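Heads up: the structure comes next, in structure tokens.
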Amino acid sequence: MTENWMEDPAVAHIDKAKLNFLQSLVFESQSLKKEQVMPFLMAIAKRGMDNHISFTSDEVETITATIRRYSTPEELDKIDKLMKLRKK
């Protein structure tokens, strides 16, 4: 995935700090193994809370839809898995 998704008009209304936070997490998570995903997600949640970063449901949906347009098939698979975890 390229950083171009952050310049997409669909996410223009979302705070750049939030988008940068997500972009850094994408790069950090690229080499994770399956058993590392849950601890990583928990660490992300804590980091977001520590930095006072939270997302509304609408922001999550908009960001996810936008990122999907810029993703490879492998990345789409990861996104789908993460979204399933989110809904549990």
Side-chain angles (χ1 to χ4, degrees):
M1 174 178 31
T2 65
E3 291 183 35
N4 293 342
W5 72 270
M6 292 175 54
E7 298 170 14
D8 192 290
V11 296
H13 67 284
I14 299 173
D15 185 349
K16 286 290 185 194
K18 291 181 178 185
L19 299 179
N20 288 327
F21 176 77
L22 285 177
Q23 185 66 27
S24 68
L25 297 177
V26 168
F27 287 119
E28 289 177 32
S29 68
Q30 287 180 337
S31 62
L32 292 179
K33 296 179 179 158
K34 187 177 181 178
E35 61 274 2
Q36 296 172 310
V37 173
M38 190 54 72
F40 178 73
L41 292 175
M42 293 173 76
I44 287 171
K46 180 168 179 0
R47 191 185 319 172
M49 288 172 35
D50 291 347
N51 291 308
H52 307 286
I53 295 175
S54 63
F55 297 89
T56 66
S57 293
D58 287 342
E59 288 174 331
V60 171
E61 294 299 323
T62 300
I63 290 167
T64 303
T66 304
I67 289 174
R68 291 180 68 80
R69 289 195 296 270
Y70 294 86
S71 298
T72 66
E74 294 81 17
E75 291 167 335
L76 289 172
D77 186 49
K78 286 182 183 180
I79 291 168
D80 290 340
K81 288 176 184 173
L82 286 173
M83 294 309 288
K84 284 179 187 174
L85 284 173
R86 179 180 173 263
K87 291 181 181 179
K88 287 185 178 183

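Because the structure is a prediction, the values reported are computed rather than measured.
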I'd like to know if the side chain of E7 and the backbone of N4 have a donor-acceptor N/O pair within less than 3.5 Å.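 Looks like no, no N/O pair under 3.5 Å.
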Donor-acceptor pair, K18 side chain versus F55 backbone, under 3.5 Å?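 No, because the side chain of K18 does not come within donor-acceptor range (under 3.5 Å) of the backbone of F55.
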What do the steps show when you test E61 against T64 for side chain to side chain contact (heavy atoms under 4.5 Å, CB included), and what is the final call? CA-CA 5 Å; E61 294 299 323; T64 303; 5.5 Å; no
Nearest 0.5 angstrom please: [X] [atom1] to [Y] [atom2], how far?
X: K78; Y: S71; atom1: NZ; atom2: OG; answer: 10.5 Å
X: L76; Y: K81; atom1: CG; atom2: NZ; answer: 12.0 Å
X: I67; Y: I79; atom1: CD1; atom2: CD1; answer: 6.0 Å
X: I44; Y: I53; atom1: CD1; atom2: CD1; answer: 11.5 Å

As a quick check of understanding, evaluate salt bridge (Lys or Arg N to Asp or Glu O under 4.0 Å) for K84 and D80, giving each step before the final call. CA-CA 6 Å; K84 284 179 187 174; D80 290 340; over 6 Å; no
So does K33 have more than 12 non-hydrogen atoms from other groups sitting under 6.0 Å from NZ?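 No, the 6.0 Å shell around NZ holds no more than 12 heavy atoms from other groups.
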Contact summary for [X] and [Y], nearest pair of heavy atoms:
X: E75; Y: Y70; answer: OE1-O, 4.2 Å
X: V11; Y: L19; answer: O-CD1, 3.9 Å
X: A10; Y: T66; answer: CB-OG1, 3.6 Å

Output, in order, the C-alpha distance, side-chain angles, deciding distance and verdict of side chain to side chain contact (heavy atoms under 4.5 Å, CB included) for D15 and F21. CA-CA 10 Å; D15 185 349; F21 176 77; over 6 Å; no
Between W5 and R68, is the side chain to side chain contact (heavy atoms under 4.5 Å, CB included) condition met? List the steps. CA-CA 9 Å; W5 72 270; R68 291 180 68 80; over 6 Å; no
Using a strict 4.0 Å threshold on nitrogen-to-oxygen distance, state whether R47 and E28 make a salt bridge.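 Salt bridge: yes.
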Would a single hydrophobic cluster contain both L25 and M49, if residues Ile, Leu, Val, Met, Phe, Trp and Tyr are joined by side-chain heavy-atom contacts under 4.5 Å?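 In one cluster with M49: L25, no.
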Side chain to side chain contact (heavy atoms under 4.5 Å, CB included) between M6 and N20: does it pass, once the steps are laid out? CA-CA 8 Å; M6 292 175 54; N20 288 327; 2.8 Å; yes
